[in-house]
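Inspection log for the structure reproduced underneath, given as structure tokens.
A, B, ... follow the sequence lines: proteins, then strands. Residue 1 opens every chain. Remember, predicted model here, so these are calculated numbers, not experimental data.
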Protein chains: 2
Amino acid sequence: MLDIDNIFEKIKLDGHRLTKIRKAMIGILFADKCLLSASEIRTRLSVSGLSADRTTVYRELGFLLEKNIIKEIRIADRKTYYEIVSPEHHHHLVCTKCNSVQEIVMGNHLKRQEDRIYKKARFKVLAHSLEFYGLCRNCR
Amino acid sequence: MLDIDNIFEKIKLDGHRLTKIRKAMIGILFADKCLLSASEIRTRLSVSGLSADRTTVYRELGFLLEKNIIKEIRIADRKTYYEIVSPEHHHHLVCTKCNSVQEIVMGNHLKRQEDRIYKKARFKVLAHSLEFYGLCRNCR
DNA sequence: TATTTATTGCAACAATGTTGCAATAGACAA
DNA sequence: TTGTCTATTGCAACATTGTTGCAATAAATA
Ligand SMILES: [Mn+2]
Ligand SMILES: [Mn+2]
Ligand SMILES: [Zn+2]
Ligand SMILES: [Zn+2]
């Protein structure tokens with residue numbers, strides 16, 4: 001999931017259409033990379049001259065989730081965020097003062113914990129969510 | 001934060017009132033310990049013969065959060081959950097099939113990661129959220 | 001250009017959460 | 001027990017996020 005044109009192609013090969021809104025939304029998610037909410041995406045669409053109904057944005061987000069092009073992330077502000085699925089699994093550092101977000105790659109520490117969880121609780125971990133909250137370099 | 005009566009006492013000492021709804025909500029959160037939503041709490045209140053307005057439940061949850069008696073947790077179903085602050089910091093194993101929730105204590109692995117984050121990114125971690133999703137013992 | 005149907009917009013709805021304001025009921029003193 | 005003070009509550013009204021059915025529109029292809 002590296003190049004935006006690969007994504008466009010894959011969508012067409014699957015028998016779907018490359019509409020203006022679809023292309024623009026993927027473009028927006030690609031440009032920003034990290035944590036955009038549905039309403040933010042809608043705002044950016046209209047800034048770029050494309051107005052889309054709320055329904056359309058949600059349906060498109062559903063479509064992109066199904067195609068595994070984006071993923072959903074919920075952080076501690078009761079909004080749902082979306083971002084392009086990147087090759088490297090990562091987590092987020094959310095600054096509680098300026099609301100900035102950095103990404104962080106964590107190695108395989110969690111994998112080991114998940115093995116331990118399986119042995120201890122017989123619970124098979126398939127996914128996890130991990131976000132850190134605190135103060136960024138500028139805000140401390 | 002071990003005994004429910006300690007909590008009642010602390011609330012009174014802080015100049016607040018022990019109303020029926022307040023006592024009942026704390027009782028409900030204490031009895032269940034783990035992950036109750038606002039609407040679930042409201043349902044349990046009315047089952048126990050106490051009807052409370054939605055507004056009241058949210059305001060009380062806000063109060064209990066401020067007093068650090070409960071904490072908020074968001075898992076991947078777009079609801080906000082609440083649970084009593086327990087002495088032992090823990091995470092959750094959420095079964096995506098039967099929706100059951102288990103608690104899991106993880107030692108200090110994350111603490112070490114947080115030190116690393118500070119050294120690497122100069123980001124001071126103050127809190128984190130970590131939940132695991134997968135299949136419980138019965139559902140695999 | 002005509003045809004097919006995936007996609008879109010609109011209306012209507014549901015769930016969660018918030019605010020202002022007047023009424024109610026805990027706590028405490030008399 | 002009764003009266004007073006004000007923290008708490010309920011109600012109405014609203015905001016935001018998210019969903020569904022249905023008719024209109026516009027990509028893709030022949
Ligand atoms: Mn990210
Ligand atoms: Mn718990
Ligand atoms: Zn910051
Ligand atoms: Zn299960």
Find the distance [X]:[atom1] to [N]:[atom2] and express it as a whole number of Å.
X       : N      : atom1 : atom2 : result
A/Ile26 : C/dT7  : CD1   : C1'   : 14 Å
A/Arg42 : D/dT17 : CZ    : P     : 10 Å
A/Arg22 : D/dA26 : CZ    : P     : 16 Å
A/Ile75 : D/dT17 : CD1   : P     : 14 Å
A/Tyr81 : D/dG18 : OH    : C1'   : 16 Å
B/Glu66 : D/dA7  : CD    : P     : 13 Å
A/Asp14 : C/dA6  : CG    : P     : 13 Å
A/Phe63 : D/dG18 : CZ    : P     : 20 Å

Using a 4.0 Å heavy-atom cut-off across all strands, classify A/Thr80 as base, sugar-phosphate, or nothing.
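Here A/Thr80 touches the backbone only, sparing every base.
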Step by step, work out the salt bridge (Lys or Arg N to Asp or Glu O under 4.0 Å) result for B/Asp14 and B/Lys10.
CA-CA 6 Å; B/Asp14 285 1; B/Lys10 187 180 175 300; 3.6 Å; yes
Salt-bridge present (A/Lys12, A/Glu9; N to O < 4.0 Å)
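Result for this pair is no, no salt bridge flagged.
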List for me each residue that meets side-chain contact (heavy atoms from CB on, under 4.5 Å) alongside B/Asn138, sequence neighbours excluded, and say none if there are none.
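Listed in chain order: B/Cys136.
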Contacts of type side-chain contact (heavy atoms from CB on, under 4.5 Å), residue A/Lys97, not counting sequence neighbours:
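A/Cys95, A/Leu135, A/Cys139.
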Indicate whether OP1 or OP2 belonging to C/dT16 is found under 4.0 Å from a side-chain N or O atom of B/Lys79.
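Looking at the OP1 and OP2 atoms of C/dT16, one of them is under 4.0 Å from a side-chain N or O of B/Lys79.
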Has A/Ser39 got a side-chain N or O lying under 4.0 Å from the OP1 or OP2 atom of D/dT16?
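No, outside the criterion.
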Please list, in numerical order, the residues of residues 54-61 of chain B that have a heavy atom closer than 4.0 Å to any atom of DNA chain D.
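Residues of residues 54-61 of chain B under 4.0 Å from DNA chain D: B/Thr55, B/Thr56, B/Arg59, B/Glu60.
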I want to verify a distance call: between C/dG26, C/dG17, D/dA26, whose nearest atom is closest to the A/Arg17 side chain?
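In terms of side-chain proximity for A/Arg17, the closest of C/dG26, C/dG17, D/dA26 is D/dA26.
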Are the side chains of B/Glu60 and B/Thr19 in touch, meaning some heavy atoms are under 4.5 Å apart?
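The answer is no, as the side chains (C-beta and beyond) never meet within the 4.5 Å cut-off.
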Is the shortest heavy-atom distance from the side chain of A/Tyr118 to the side chain of A/Asp115 under 4.5 Å?
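They are not in contact (no side-chain heavy atoms under 4.5 Å apart), so the answer is no.
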For a quick check under 3.5 Å, do B/Glu83 and B/His92 share a side-chain donor-acceptor pair by atom type?
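Yes, a side-chain donor-acceptor pair sits under 3.5 Å.
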First of B/Asp53 and B/Lys12 reached from the 5' end of DNA chain C, by closest nucleotide
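Result of the comparison: B/Asp53.
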